[in-house]
2 protein chains.
Amino acid sequence: MLSHKYPFMDYKMQLFLSKFKNKIDQKGRVSIPSQFRSILFQDGSQKMFCYPSLDAEAIDAGGDSLSRDIYALMDNLDPYSDEKDFLSTALFGLSEELRIDSDGRVILSDALIQHAQIIDEVIFVGLGQKFQIWEPNRFSNYLQEAQKKVREQRLLLSKKSKGF
Amino acid sequence: MLSHKYPFMDYKMQLFLSKFKNKIDQKGRVSIPSQFRSILFQDGSQKMFCYPSLDAEAIDAGGDSLSRDIYALMDNLDPYSDEKDFLSTALFGLSEELRIDSDGRVILSDALIQHAQIIDEVIFVGLGQKFQIWEPNRFSNYLQEAQKKVREQRLLLSKKSKGF
DNA sequence: AAAAATACCATGTTATCCCATAAATACCCA
DNA sequence: TGGGTATTTATGGGATAACATGGTATTTTT
């Protein structure tokens with residue numbers, strides 16, 4: 001189960017960190033940052049699992065562990081609830097497994113591009129067990145907001161976090 | 001008891017102490033001071049974990065113990081809340097694990113350099129379980145301020161702490 | 001046949017490895 | 001203790017490998 005009691009962040013597991021800006025070429029191809037790629041490849045798959053982010057104008061993405069986590073999350077919901085139907089549609093209905101080509105690139109679908117309002121450049125942002133793909137300007141706006149939130153919660157954080 | 005006074009410091013752990021000034025070469029490489037390096041290498045990793053300092057125009061850096069603390073902090077949040085997305089963005093998205101090369105050097109990312117306003121020289125400042133990387137002039141200004149603040153609070157403190 | 005997807009190749013840039021050197025530090029032994 | 005030698009360290013440079021990115025050719029789909 002995905003909860004506080006069973007942290008899914010094994011200390012050994014590799015996390016998506018940092019951010020990288022890459023270009024989209026005329027054919028719609030984008031290089032996945034090599035740091036992220038090597039994590040995706042870890043379980044042998046040549047796929048990138050992704051779907052439109054629920055709360056942001058961005059694409060959520062990750063590897064097998066992400067899709068498995070989401071599947072597990074669904075599994076825990078009441079099979080006949082509206083909540084489950086809604087989430088299944090929102091996540092699985094709109095999610096895709098993009099093939100990673102021999103040069104480490106993917107082609108984002110029109111639906112994903114439209115959701116994230118992407119033009120010809122994207123930022124890959126590591127979020128730990130997943131990452132997001134943003135249109136650069138939208139991301140910098142969002143980042144400002146996020147940093148503001150972090151500062152607001154600062155005291156709370158510093159008490160728990162041993163000096164960070 | 002030790003753990004009461006220093007709740008987050010394992011008495012065995014090696015501390016980052018003292019400060020060292022090093023140069024950045026044309027390729028952007030900086031040597032990590034060997035004293036710091038040997039602490040970073042302790043757990044076998046060849047990485048330096050770092051992120052823009054929340055309160056200063058400096059880079060916060062450390063080894064596995066620092067990154068684990070932050071991962072643990074994130075792990076306590078509800079995985080699919082937007083609170084978590086905000087924090088992940090600001091913490092994971094801006095953090096980096098810089099690879100330490102065979103000569104003990106790292107290449108600081110543009111984002112970090114810009115945050116700390118670094119040109120071609122840096123000061124590594126030990127802060128115990130982590131250290132900071134500063135542009136030298138900024139650091140000496142900061143240090144002066146800090147010392148001034150300490151002097152101002154000295155009387156107040158000494159009444160409570162008998163001897164500091 | 002046209003369009004899209006895929007494989008393959010080329011290039012400039014950047015990171016990484018390896019070696020050289022000078023200075024500082026640690027070490028050793030008379 | 002002193003004085004000389006070895007080792008470590010910071011730093012520079014050349015060679016090599018990796019990466020992002022653009023392009024062309026080949027295959028697959030429809």
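Just so you know, these numbers come straight off a predicted model, no measurement behind them. By convention in this document, chain letters (A, B, ...) are assigned in the order of the sequence lines, proteins followed by strands, and residues within each chain are numbered from 1. The figures that follow rest on heavy atoms only: side chains count, while hydrogens, waters and symmetry mates do not.
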Review point. Is there a donor-acceptor pair under 3.5 Å between the side chain of Asp103(A) and the backbone N or O of Arg105(A)?
Key: no
**Study point:** Salt-bridge contact Asp25(B)-Lys27(B) (side-chain N to carboxylate O under 4.0 Å)
**Key:** no
Revision key, fill the gap. Ile107(B) atom CD1 is separated from dT11(D) atom C1', nearest whole Å, by 14 Å
Point to revise | Donor-acceptor contact below 3.5 Å, side chain Asp60(A) vs main chain Gln132(A) | key: no
**Study point:** Start and end of the DNA chain C segment that chain B contacts, any atom under 4.0 Å from a heavy atom
**Key:** dT16(C) to dC19(C)
Check your understanding: Would a hydrophobic clustering, with Ile, Leu, Val, Met, Phe, Trp and Tyr connected at side-chain separations under 4.5 Å, put Leu87(B) with Leu73(B)?
Key -> yes
Exercise for review: Kindly compute the distance separating CD (Gln46(B)) from CG (Asp101(B)), expressed to the nearest 0.5 Å.
Suggested key: 8.5 Å
Review point. Does Ala56(A) offer a backbone N or O that forms a donor-acceptor pair with the side chain of His115(A) under 3.5 Å?
Key: yes
Study note, to complete from the structure: Readout for nucleotides 17-26 of chain D: B = base within 4.0 Å of protein heavy atom, S = sugar-phosphate only, - = neither; 5' to 3' it is --SSBBBBB-
Practice item. Take the angle between the ring planes of Phe86(B) and Tyr142(A) and call it parallel below 30°, perpendicular above 60°, tilted in between. Key: parallel
Point to revise | Within one Ile-Leu-Val-Met-Phe-Trp-Tyr cluster: Phe124(A) and Ile107(A), side-chain cutoff 4.5 Å | key: no
